[in-house]
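Below is one structure, written out as structure tokens; the observations come after it.
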Amino acid sequence: MGMLFLEYLPGPKVFKCKYCRVDSASPEDIVSKEFRGRHGRAYLFDSVVNVSLGPNEDRHLLTGLHTVNDIYCSCCQRLLGWKYAKAYSEDQKYKEGKFILEKNMMLKEGR
């Protein structure tokens with residue numbers, strides 16, 4: 001296997017994978033804190049780092065049918081949330097290209 005390159009985020013607070021503590025997202029990239037994941041509260045982010053994408057999958061979520069990709073920590077491979085690839089409802093199109101991180105899979109740490 002090749003060398004793993006990780007991106008480190010600047011700033012006083014950073015969301016990290018709770019299992020391996022690698023940087024995952026910046027609080028400045030939060031779009032909304034009013035989302036639900038598989039295991040409770042979740043945040044919608046504009047961008048995340050140090051994740052790998054699973055295959056496209058059509059999923060019926062609370063807001064309708066979406067095509068999503070599960071996202072995994074690139075370091076420990078734990079499931080962290082998903083990426084919205086496509087929204088079929090016009091009022092849900094704003095989610096396309098954005099990421100859900102489940103709150104219980106994250107730590108918020110300061111530097």
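- In terms of modelled atom types and a separation under 3.5 Å, the side chain of N50 and the main chain of L6 share no donor-acceptor contact.
- Checking E28 against S26 by side-chain atom types alone, a donor-acceptor pair falls below 3.5 Å.
- Donor-acceptor pairing under 3.5 Å is recorded for the side chains of T67 and Y88.
- Contact detail for Q77 and S52: the closest heavy-atom pair is OE1-OG, 3.8 Å.
- Of all the heavy atoms in C76 and Y19, the pair that sits closest is SG-CB, 4.0 Å.
- With sequence neighbours left out, the salt bridge (Lys or Arg N to Asp or Glu O under 4.0 Å) criterion links D46 to K98.
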* **Check against salt bridge (charged side-chain N to carboxylate O under 4.0 Å, His left out), R21 and E109** => CA-CA 9 Å; R21 297 181 185 252; E109 291 189 350; 2.3 Å; yes

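- Considering every non-hydrogen atom in both A25 and F45, the closest pair reads CB-CE2, 3.5 Å.
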* Show your working on side-chain contact (heavy atoms from CB on, under 4.5 Å) between D29 and S47 and close with a plain yes or no. => CA-CA 6 Å; D29 289 323; S47 65; 3.0 Å; yes

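- Within the 3.5 Å criterion, the main-chain N or O of Y8 finds no donor-acceptor partner in the side chain of D23.
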* To do: Evaluate the criterion salt bridge (charged side-chain N to carboxylate O under 4.0 Å, His left out) for residue pair E96 and K93; output intermediate values, then yes/no.
  => CA-CA 6 Å; E96 291 182 347; K93 293 280 187 193; 3.5 Å; yes

* **Verdict with supporting geometry, I100 and Y84, side-chain contact (heavy atoms from CB on, under 4.5 Å)** => CA-CA 8 Å; I100 289 288; Y84 287 101; 3.5 Å; yes

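- In this structure, NZ in K16 is found 11.0 Å from SG in C75, a value given to the nearest 0.5 Å.
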* Would you sort out whether S24 and C73 count as a side-chain contact (heavy atoms from CB on, under 4.5 Å), showing the intermediate values? => CA-CA 8 Å; S24 297; C73 176; 5.7 Å; no

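- Rounding to the nearest 0.5 angstrom, the gap separating the CZ atom in R36 from the CD atom in E102 is 9.5 Å.
- Of all non-hydrogen atoms in P55 and N69, the two that sit nearest each other are C-ND2, 3.4 Å.
- For T63, the side-chain contact (heavy atoms from CB on, under 4.5 Å) partners two or more places apart in sequence, or in a different chain, are H66, Q92, K95.
- Annotation: the span from L101 atom CG to R41 atom CZ amounts to 13.5 Å, rounded to 0.5 Å.
- In summary, the aromatic rings of F99 and Y43 are positioned with their centroids too far apart to meet the 6.0 Å limit.
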* Asked: Stepwise, does the side-chain contact (heavy atoms from CB on, under 4.5 Å) test hold for R38 with L79?
  -> CA-CA 11 Å; R38 292 180 183 101; L79 180 63; 3.1 Å; yes

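- Looking at every heavy atom in both residues, W82 comes nearest to I71 through N-CG1, 3.5 Å.
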